[in-house]
Amino acid sequence: MTCKINELHQNIGQTVTLQGWIYNSRDSGKIVFLVVRDGTGLCQCVAAKSPATEAFFEQARQLTQEAAVRVTGVVKANEKQIGGHELEVTGLEVVGESVDFPITPKPHGIDFLFKNRHLHFRSRRQWHILRVRHAVIDEIRSYFNRNGFTLIDTPIFAPAAGEGAQTLFQVDYFGEPVYMAQTGQLYVEAACMAFGKVYCFGPTFRAEKSKTRRHLTEFWMVEPEIAYAELDDVINLAEDFICAIIGRVLRDHRADLEFLGRDVASLEKITKPFNRLTHREAADILRGERAQELLSKDLKAKTARIEEIKKLQAEKEARSTAQGVKQWEKDKLVGELAEMKEELGDLEVEVKNIPHHMELAKKFDPGGDLGGSDETIISRLSDKPTFVTHYPKACKAFYMKQNADDASRVNNVDLLAPEGFGEIIGGSQREDSHDVLLHRIHEEGLNPADYAWYLDLRKYGTVPHGGFGLGVERTVAWICGLKHIRETIPFPRMMGRFYP
RNA sequence: UCCCCGAUAGCUCAACGGUAGAGCGGCCGGCUGUUAACCGGUAGGUUGUAGGUUCGAAUCCUACUCGGGGAGCCA
């Protein structure tokens, strides 16, 4: 009987066959330990040399990393092992050999791992992350589906430049220039006038020349849009939606988060209501004492941590080269030293940047956009996500609804994830007045002819409406507590990386 | 577009301007409870590319390529 590793607990004492790949193997001459993975988990399979195992024992001893195997054996409960089980092997079939699998259980560099991404996500950490991604995407779809939204797929080839044309990938479309979509928003606006509540969900493309831990050139975005809605409705939807996603991951993927070392308690604090600040209030915070205090406290903590690491480094380095220390301990120390070196590098960059960020915050222009460091400051002030609303019109897109009380501001919202993870949602109420919208198109120097169909929406029964976009990878990075977004997508596309 | 850092064996890294090394992985051998197993042996290199300085360059200088991080911009 074939069986998946995550079903082993139902089969204790039974003889089952696992179909999988060798994750790691060890042998001591007369006993072989095979760690097998099958996509649902890991299981250690043990074969001791005996007349019963004679037929396959030598073969088992020579199995290499990632060889494909069918392993038959008796399921034993064993609390000490991964998953709490062990398989006592009674039969083995090699389905596919594996020669010189490049990714070993030892540390590798990022460049190497992502050049081998097609093999990299067989490893445990990546497997846990991509399972969380799956759950996040599944919850996104089911949240909207159970709340009366209709899925509207929007085109990837888009005719005109929406906003900043420099950030669009241009494609030759039978001799005409078209652009890879960087949002489906204009189209879902049309669709919500037909269906009331809609969402689109797919890949979007940005040609931003950004080489940072928060950027991909191809990423997935979900964009709900609702008719008869004002800014508060958009915010309430976003808040409820984020809680649903977090709740789902906490319910079904706690073990994945724990493997990743995520502080689950901080995710449990993500409950309604989130913080709400206007851009003006955010500006006051940034320019005030609170931001400076936060940053100088941060600076002190990080400087102290650097000293601590340096001390530890010296100790571990001495121990790792000392006489009579076992090789396994040296290996462990080398690994720890590599991690410390990385943390130290990060900390040094941050410590270098903090004074600059303090300056930026102090001099923050209340009429300008929030920069990356400003977002980080705001998002560190609380355990909960923070909505920042009513940005200056000048730094936002033409389609955002002009505020009724202050024409220099728009009814928009960004959601900043806590712990410094930054912006994961951008949204707004849309401009529903034909004349104001047309005026804004002119103001931005855009060609009204390109937006004729979009302006039509304001001519035939225009209503207040709005929506937002949520970046899937940034959300997954936040939930998993990852510092780099590239691990959250199976095949990342970044500046200078499009293989495999 | 700008700033900082890096490139040495398949991988992760060492090497004062003076003969290029270790660990892992591979291969061979040993070991009946291993957890990144361990022990012994073995193969493996045009030091990213092109110039320059020098008696002598992995090491110093210049340019380029590629990668990492950050600014701007953004989800």
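Just so it is clear, the values below take in all heavy atoms, side chains as well, and ignore hydrogens, waters and symmetry mates. Remember, it's a predicted structure, so these values are computed and weren't measured experimentally. Protein chains get the first letters and strands the later ones, always in sequence-line order, with residue 1 at the start of each.
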Next on the checklist: As a quick check of understanding, evaluate salt bridge (charged side-chain N to carboxylate O under 4.0 Å, His left out) for A:D414 and A:K396, giving each step before the final call.
Outcome noted: CA-CA 11 Å; A:D414 280 356; A:K396 285 291 165 184; 3.7 Å; yes
Item to check | Distance between P atoms of B:G41 and B:A36 (Å, rounded) | outcome: 25 Å
Next on the checklist: In whole Å, I'd like the distance from the CD1 atom of A:I110 to the C1' atom of B:C66.
Outcome noted: 15 Å
Checklist outcome for this item: Looking only at B:U12, B:C74, B:U35, the nucleotide nearest the A:R26 side chain is B:U35
Checklist entry - Counting side-chain heavy atoms from C-beta on, which of B:A36, B:C31, B:C74 comes nearest to A:P107? => result B:A36
Item to check | Length of the CZ-P vector between A:F498 and B:C66, whole Å | outcome: 10 Å
Checklist entry - Contact class for A:E473 vs. all strands (heavy atom < 4.0 Å): base, sugar-phosphate, or nothing? => result nothing
Checklist entry - From the list B:G68, B:A75, B:U34, which nucleotide is the closest neighbour of the side chain of A:M221? => result B:A75
Checklist entry - Parallel under 30°, tilted from 30 to 60°, perpendicular over 60°: which one fits the rings of A:Y391 and A:H279? => result tilted
Next on the checklist: What's the gap between B:C64 and B:G23 when it is taken at their C1' atoms, as a whole Å value?
Outcome noted: 34 Å
Item to check | Nucleotide opposite B:U35 in a Watson-Crick or G-U pair, distances under 3.5 Å | outcome: none
Next on the checklist: Taking any heavy-atom pair under 4.0 Å as a contact, classify A:F33: base, sugar-phosphate, or nothing.
Outcome noted: base
Checklist outcome for this item: Mate of B:U12 across any strand shown (Watson-Crick or G-U wobble, both atom pairs under 3.5 Å) is B:A22
Next on the checklist: From OH of A:Y23 over to C1' of B:G25, roughly how many Å is that when rounded to an integer?
Outcome noted: 15 Å
Next on the checklist: Any donor-acceptor pair, under 3.5 Å, between the side chain of A:E86 and the base of B:G33, if you only look at N and O atoms?
Outcome noted: yes
Next on the checklist: Does B:G68 have OP1 or OP2 under 4.0 Å away from a side-chain N or O of A:R497?
Outcome noted: yes
Checklist entry - How would you label the contact of A:G496 with the nucleic acid (heavy atoms, under 4.0 Å): base, sugar-phosphate, or nothing? => result sugar-phosphate
Next on the checklist: Within the 4.0 Å heavy-atom criterion, would you say A:R486 contacts the bases, only the backbone, or no part of the nucleic acid?
Outcome noted: sugar-phosphate
Next on the checklist: For a quick check of understanding: with a heavy-atom distance under 4.0 Å over all strands, which category does A:L216 fall into, base, sugar-phosphate or nothing?
Outcome noted: base
Checklist entry - Within the structure shown, what part of the strands sits under 4.0 Å from A:Q44 by heavy-atom distance: base, sugar-phosphate, or nothing? => result base
Checklist outcome for this item: Walking RNA chain B from its 5' end, the first of A:K49 and A:G426 to be reached, judged by nearest nucleotide, is A:K49
Item to check | SB check A:E419 A:R262 (cutoff 4.0 Å) | outcome: yes
Item to check | Within 6.0 Å of CD in A:Q170, more than 12 heavy atoms from elsewhere | outcome: yes
Next on the checklist: Regarding A:T104, tell me which of base, sugar-phosphate or nothing describes its non-hydrogen contacts under 4.0 Å with the strands shown.
Outcome noted: sugar-phosphate
Next on the checklist: For the P atoms, the ones on B:G40 and on B:G25, what distance do you get once it is rounded to whole angstrom?
Outcome noted: 14 Å
Item to check | Same-atom distance (C1') from B:G51 to B:A43, integer angstrom | outcome: 35 Å
Checklist entry - Taking atom types as they are modelled, is there a donor-acceptor pair under 3.5 Å from the base of B:G30 to the side chain of A:S28? => result no
Checklist entry - Does B:C24 have OP1 or OP2 sitting under 4.0 Å from an N or O in the side chain of A:K106? => result no
Next on the checklist: Taking only the C1' atom of each, what is the distance from B:C74 to B:C16 in whole angstrom?
Outcome noted: 47 Å
Next on the checklist: Need the pair for B:C66. Rule: Watson-Crick or G-U wobble, both distances under 3.5 Å, any strand; none if unpaired.
Outcome noted: B:G6
Item to check | Length of the line joining A:L113:CG and B:G68:P, which is rounded to integer Å | outcome: 12 Å
Next on the checklist: What is the separation between atom CD1 on A:I31 and atom P on B:A37, rounded to the nearest whole Å?
Outcome noted: 15 Å
Next on the checklist: Less than 3.5 Å apart, any donor N or O on the side chain of A:E223 or A:T183 sitting next to an acceptor on the other?
Outcome noted: yes
Next on the checklist: So, does A:H108 get its side chain near the phosphate of B:G25, meaning an N or O under 4.0 Å from OP1 or OP2?
Outcome noted: no
Checklist entry - Heavy atoms under 4.0 Å, any strand shown: does A:R213 hit a base, just sugar-phosphate, or nothing? => result sugar-phosphate
Next on the checklist: If you take the centroid of each ring, where Trp contributes its six-membered ring, are A:F241 and A:F144 closer together than 6.0 Å?
Outcome noted: yes
Checklist entry - Relative to the ring of A:F121, is the ring of A:F491 parallel (under 30°), tilted (30 to 60°) or perpendicular (over 60°)? => result perpendicular
Checklist entry - Base, sugar-phosphate alone, or nothing: which one does A:H356 contact when heavy atoms must sit under 4.0 Å apart? => result nothing
Next on the checklist: Taking B:C3 as the reference, what is the distance to B:A15 when you measure between their C1' atoms (whole Å, please)?
Outcome noted: 30 Å
Checklist entry - In the structure shown, which nucleotide is the Watson-Crick or G-U wobble counterpart of B:A58, with both distances under 3.5 Å? => result none
Checklist entry - When you compare B:U59 with B:G52, how far apart are their C1' atoms, in angstrom units rounded to a whole number? => result 15 Å
Checklist entry - Which value, in whole Å, describes the distance between the C1' atoms of nucleotides B:C39 and B:G56? => result 42 Å
Checklist entry - Aromatic ring centroids of A:F114 and A:H108 under 6.0 Å? => result no
Checklist entry - Hey, does A:I82 reach any base, or is it just sugar-phosphate, or nothing, if we go heavy atoms under 4.0 Å? => result nothing
Checklist entry - How many Å lie between CG on A:D111 and C1' on B:G6, as a whole number? => result 11 Å
Checklist entry - Do the ring centers of A:Y179 and A:F205 come within less than 6.0 Å of each other? => result no
Checklist outcome for this item: From the candidates B:G68, B:G33, B:C74, the one with an atom nearest any side-chain atom of A:Q81 is B:G33
Checklist entry - Is any side-chain N or O of A:S210 under 3.5 Å from a base N or O of B:C74, one able to act as donor and the other as acceptor? => result no
Next on the checklist: Nearest whole Å is fine: how far is B:G72 P from A:E423 CD?
Outcome noted: 13 Å
Checklist outcome for this item: Checking N1-N3 plus N6-O4 or O6-N4 for Watson-Crick, or N1-O2 and O6-N3 for wobble, each under 3.5 Å, the partner of B:A71 is B:U1
Checklist entry - In whole angstroms, how far is the C1' atom of B:A36 from the CZ atom of A:F101? => result 15 Å
Checklist entry - Base, sugar-phosphate, or nothing for A:H357, non-hydrogen atoms under 4.0 angstrom? => result nothing
Next on the checklist: What contact category does A:D369 fall into here, base, sugar-phosphate, or nothing, at under 4.0 angstrom with non-hydrogen atoms?
Outcome noted: sugar-phosphate
